[in-house]
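Below is one structure, written out as structure tokens; comments come after it.
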Amino acid sequence: MGDEQEEQVEIPSVFKRIIQMKGLPWLRKAIVAVVGFTVVLIGVVMVVTPGPAIVVIPLGLAILATEFVWAQKLLKWAREMVKKKLGKAGAKAKAD
């Protein structure tokens, strides 16, 4: 069982070309922006409707962070805030 090799997933050629785009950086940036903002928008909608908004919004930011520095900074800030809140909640739970 340990000798089994993982089966590699074949990426469709269209996506492979987008991932490896060298000559048209603006097109890659535009595709990432559209996909990232769409995922973030779906996450924002999930805040008021049933759904895992707390997972989807950071996922959209992570997609945007692959091309945009402002999204990297926002994602880093969000991580720090979550760590701070979890630390305070842990300390409060220990005090109780």
Side-chain angles (χ1 to χ4, degrees):
M1 282 190 185
D3 294 331
E4 293 178 16
Q5 293 181 349
E6 288 186 31
E7 185 177 323
Q8 292 187 355
V9 177
E10 182 62 32
I11 300 173
S13 61
V14 174
F15 297 121
K16 200 178 288 187
R17 281 190 225 131
I18 290 170
I19 292 168
Q20 297 172 345
M21 237 184 253
K22 302 277 188 224
L24 301 171
W26 60 270
L27 182 59
R28 176 185 164 98
K29 211 169 219 182
I31 291 169
V32 168
V34 168
V35 172
F37 280 118
T38 302
V39 173
V40 169
L41 184 61
I42 290 169
V44 169
V45 169
M46 287 181 182
V47 169
V48 294
T49 61
I54 198 163
V55 174
V56 175
I57 292 173
L59 177 64
L61 283 176
I63 292 169
L64 290 169
T66 63
E67 289 293 323
F68 300 102
V69 175
W70 61 266
Q72 290 174 355
K73 291 178 181 179
L74 184 59
L75 192 59
K76 183 179 178 182
W77 175 81
R79 284 183 188 152
E80 290 171 2
M81 294 304 292
V82 167
K83 284 180 185 177
K84 238 185 244 185
K85 295 290 182 184
L86 289 176
K88 286 181 182 179
K92 187 177 179 181
K94 286 181 183 178
D96 290 341

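Note on V82 and L64: separate hydrophobic clusters, where clusters join Ile, Leu, Val, Met, Phe, Trp and Tyr whose side-chain heavy atoms are under 4.5 Å apart, directly or indirectly. With hydrophobic clusters built from ILVMFWY side chains whose heavy atoms lie under 4.5 angstrom apart, V34 does not share a cluster with V40. At a threshold of 4.5 Å between side-chain heavy atoms, the hydrophobic network of Ile, Leu, Val, Met, Phe, Trp and Tyr places V45 and F37 in two separate groups. Residues V35 and V56 share a hydrophobic cluster, clusters being chains of Ile/Leu/Val/Met/Phe/Trp/Tyr side chains in contact below 4.5 Å.
For the atom pair CG of L74 and CZ of F68, the computed distance is 13.0 Å after rounding to the nearest 0.5 Å. Rounding to the nearest 0.5 Å places CD1 of I63 at 11.0 Å from CG of L75. From L61, atom CG reaches atom NZ of K76 across 15.0 Å, with rounding to the nearest 0.5 Å.
When all heavy atoms of A53 and P58 are compared, the pair lying nearest together is O-CD, 4.0 Å. Contact detail for A65 and A71: the closest heavy-atom pair is N-CB, 3.6 Å.
Contact of the I54 side chain with the V47 side chain is not registered, since no non-hydrogen atoms from C-beta on lie closer than 4.5 Å.
Contacts classified as salt bridge (Lys or Arg N to Asp or Glu O under 4.0 Å) and involving residues 58-74 (residues at least two apart or in different chains) are given here: R28-E67.
The environment of CH2 in W70 is crowded: more than 12 heavy-atom neighbours from other residues, nucleotides or ligands sit within 6.0 Å.
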